[in-house]
Number of protein chains: 2
Amino acid sequence: MEQRLREREIRYTSGRRVVVAALARAEGPRSAAELSTEIGAAVPLSSLYRSLAVLEDAGVVVPHFGARGLTRYELADWITGHHHHLICVACGTVDDVEILPEYEIKVNELVDLIAQLAGFEPRAHDLEIEGRCAKCS
Amino acid sequence: MEQRLREREIRYTSGRRVVVAALARAEGPRSAAELSTEIGAAVPLSSLYRSLAVLEDAGVVVPHFGARGLTRYELADWITGHHHHLICVACGTVDDVEILPEYEIKVNELVDLIAQLAGFEPRAHDLEIEGRCAKCS
DNA sequence: GTACCACCTGAGAACCATTCTCACTACAGG
DNA sequence: CCTGTAGTGAGAATGGTTCTCAGGTGGTAC
Ligand SMILES: [Mn+2]
Ligand SMILES: [Mn+2]
Ligand SMILES: [Zn+2]
Ligand SMILES: [Zn+2]
């Protein structure tokens, strides 16, 4: 990852390290506000947003637009491994879920089939499952 | 649908009819701005947003949070039929795609499997495919 | 038909996550 | 060191969305 940033002449400064560390610690995508709470005053909001934007451009961070006017960020698949999300309609938490490789293969087959029928060239897919988490059911 | 609104003592006024008609005409989810352009001054923005909110509460309209700070709305599955979305990374359009029932069954099987492994009670799923549409490839 | 009342509407203000601005600082390379 | 480019922070600006409030509408009861 540091290499990727260096290639693009993007400095991996201490502020950015703090942001990446907070994202690495999270078990699901996190909003800027959540990250700010977690990080504290060490990284002011404007810098936090800028860091997220820079890291997004570099392909290190990926945004998720999952709730009204709220963007949640997480590390890209190539860092954390490809996964999907479980969204609790009761408490609103979004958790990562890793799926067995054999299932992921099936998902990919389906995606390719669907896309092909529509003359669409698939690049990525996003399967999100809404429901009630173990805590809320 | 009118029945559903009546049950909840929500009036199906002419303004709301216009909004529903515009959504029914669309081939994919539409933002408030897009709807406003399509509809014209007949429905002022504040009323448009309120209508969308009311219809959403009633389960007639479903929001999609797909782009930075932009919500797109569409009629609920029980009206249009269950479907998924193809999102073009080049031109940004979001198109509906109906998938063969046999594929949908497979998607559901996968969703149930994934959810079960995480102690999650699935209620709905959302499979979105990102890539380049026929026009942009 | 008229009165009542809950619901609905419209214009604009308010809200709030995000982005921009600008003066300043930090760091790498020479 | 010197210089130039990249990064930072506080606050202002932006823009989609929601709220407020002063009316309007229409279904229902009598
Ligand atoms: Mn995730
Ligand atoms: Mn759709
Ligand atoms: Zn929950
Ligand atoms: Zn396209």
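Order of the sequence lines fixes the chain letters, A, B, ..., with proteins taken first and strands second; residue numbering starts at 1 for each chain. All values below were derived from every heavy atom in this structure, side-chain atoms included, with hydrogens, water molecules and symmetry-related copies excluded.
- The residue from His64(A), Glu34(A), His85(A) that alone fulfils the side-chain hydrogen bond (donor to acceptor under 3.5 Å, both in side chains) condition with Arg72(A) is Glu34(A).
- Nearest-nucleotide positions on DNA chain C for Thr71(A) and Tyr12(B) put Tyr12(B) closer to the 5' end.
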I would like to know whether Glu2(B) and Arg16(B) meet salt bridge (charged side-chain N to carboxylate O under 4.0 Å, His left out); could you show each step before the answer?
CA-CA 11 Å; Glu2(B) 301 198 26; Arg16(B) 290 170 186 175; over 6 Å; no
Does the pair Glu109(A) and Lys106(B) meet the rule for a salt bridge (charged side-chain N to carboxylate O under 4.0 Å, His left out), with working shown?
CA-CA 11 Å; Glu109(A) 285 171 4; Lys106(B) 281 191 190 171; 5.9 Å; no
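- For Thr13(A), no side-chain nitrogen or oxygen approaches OP1 or OP2 of dA26(C) to under 4.0 Å.
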What one-letter contact string describes nucleotides 18-29 of chain D from 5' to 3', where B marks a base within less than 4.0 Å of any protein heavy atom, S marks contact via sugar-phosphate atoms alone, and - marks no contact?
BBB----BS---
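- Using a 4.0 Å heavy-atom cutoff across all strands shown, Ser47(B) reaches at least one base atom of the nucleic acid.
- Using bins of under 30°, 30° to 60° and over 60° for the plane-to-plane angle, the ring pair His82(A)/His125(A) lands in the perpendicular bin.
- If you check every strand for non-hydrogen atoms under 4.0 Å, Ser31(B) touches nothing.
- Among the nucleotides dT18(C), dA6(D), dC8(C), the one closest to the side chain of Glu9(A) is dA6(D).
- Interatomic distance, Ile129(B) CD1 to Cys88(B) SG, rounded to the nearest 0.5 Å: 13.0 Å.
- The hydrophobic cluster around Phe65(A) extends to Phe65(B), counting ILVMFWY residues whose side-chain heavy atoms fall within less than 4.5 Å of a member.
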